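Working notes for the structure below.
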Amino acid sequence: MSFNLSERLQQLPPYLFVEIDKAKRKAREEGRDIIDLGIGDPDQPTPQFVIEALVKAAHEPANHRYALDQGMPSLRQAIARWYHRKFDVILDSDKEILPLIGSKEGIAHFPLAFLNKGDVSLVPDPCYPPYKGGTILAGGLVQLMPLLEKNNFLPDFTNIPKNKLKKAKILYLNYPNNPTASVCDLSFYKEAVSFAKKHNLIIVSDLAYSEITYDGYHAPSIFNVAGAKDLAIEFHSLSKTYNMTGWRVAWACGNSQLVQGLAKVKSNIDSGIFSAIQVAATAALEADDKFINGLCNMYRARRDCLIKGLEELGWKPQVPKATFYVWVKVPKKKSSIEFAKLLLDKADVVVTPGVGFGPSGEGFIRFALTQAPERIQEAVARLKKVV
Ligand SMILES: *Cc1c(COP(=O)(O)O)cnc(C)c1O
């Protein structure tokens with residue numbers, strides 16, 4: 001028998017990292033010493049106190065059963081307190097907060113709750129891939145909004161084609177941004193909220209990197225804009241903030257209809273997050289900021305190390321105010337894939353070609369600061385020999 005993939009699956013954008021992945025695997029098999037600055041996955045462990053909370057909770061038989069779909073009340077209350085402490089935003093822990101099995105899960109499922117066939121999502125380009133994937137799997141259409149350097153990598157709402165805007169239902173925003181490492185201020189969110197109000201759009205704000213910031217910058221929440229809760233849902237994750245990518249725990253919050261719509265989709269698909277993980281996540285959110293401050297100091301040192309090295313190469317990298325990425329213009333007349341391939345073949349250094357995040361990412365590569373400074377220094381020393 002042979003099987004045809006559904007039209008929806010066939011419509012998903014092609015995976016552009018195939019060649020780089022293959023070359024990376026081959027290099028590893030050959031025993032080469034690869035420095036991987038490609039993946040956005042923290043290299044450091046989850047804090048000990050969170051692990052201990054998990055272990056203790058895992059011994060508790062009450063935690064072995066199906067978890068409540070909408071998350072433990074104690075976790076939802078901890079999220080509400082965390083939001084208030086971080087952003088001075090008040091959330092109703094019963095109606096406006098929904099724990100998730102990682103924010104990718106929630107972001108990918110969200111369009112199923114609100115898109116009909118042919119509805120349009122406005123998606124930043126380049127972007128974190130699930131905004132496109134979730135839209136297409138829900139039968140929607142993707143309209144890209146280029147993030148250009150001359151606009152500080154913010155979308156230009158005036159450039160969205162009118163016919164697409166008419167059919168648009170969802171507007172995705174992600175600041176601090178992956179992959180460009182750009183940030184926004186409150187005035188941009190104000191503009192986005194009034195644009196969304198005017199055109200009846202839902203704002204999906206992905207705030208995964210709000211805590212990884214430097215040099216006095218603080219990332220705002222969309223809910224710091226008056227009226228945003230009328231039309232926005234925001235996603236946050238413990239993945240990057242507490243080095244918990246493998247644990248799969250995050251949440252969505254904001255407008256109660258939007259949150260409850262996502263909850264309804266999920267109640268048909270999953271049966272909640274392992275309760276012991278919810279207990280551990282609660283411990284992480286209840287802790288003081290010592291861990292997060294240490295995390296930011298660590299990434300800042302790595303950032304400064306990479307920036308210094310790239311400047312010595314004669315490149316002119318932008319110094320990011322947030323995230324653990326550095327988004328750099330390809331310094332030669334090469335495509336981002338060709339250049340990433342060159343760095344891998346000649347220097348055993350892995351970076352991510354920008355075009356993998358969308359067509360406007362062409363001409364850039366992304367470095368992830370997920371290696372120790374010594375390794376970053378070694379990577380720069382190798383680059384000096386080949387570029
Ligand atoms: C890493 C990341 C997330 C978090 O994903 P999880 O599924 O919660 O691990 C969300 N958005 C962006 C842009 C990211 O880079």
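One-based numbering, in listed order, for ligands and for the atoms of each. Numbers for residues simply follow the sequence, beginning at 1. Source: prediction; values computed, not measured.
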Ring geometry between Y209 and F324 (parallel below 30°, tilted from 30 to 60°, perpendicular above 60°): perpendicular
Mutual orientation of the aromatic rings belonging to F188 and F157 [parallel < 30°, tilted 30-60°, perpendicular > 60°]: parallel
Proximal protein residues to ligand 1, non-hydrogen atoms under 4.0 angstrom: G102, S103, K104, Y128, Y131, N174, N178, D206, A208, Y209, S237, S239, K240, R248
Test of ring centre spacing under 6.0 Å for Y128 and Y131: yes
Set of residues satisfying side-chain contact (heavy atoms from CB on, under 4.5 Å) with respect to D156, sequence neighbours excluded: N151, T158, N159
Donor-acceptor under 3.5 Å (D206 side chain, A208 main chain): yes
Chi angles and distances behind the side chain to side chain donor-acceptor pair (under 3.5 Å) call for S221, E234: CA-CA 8 Å; S221 155; E234 196 155 68; 2.7 Å; yes
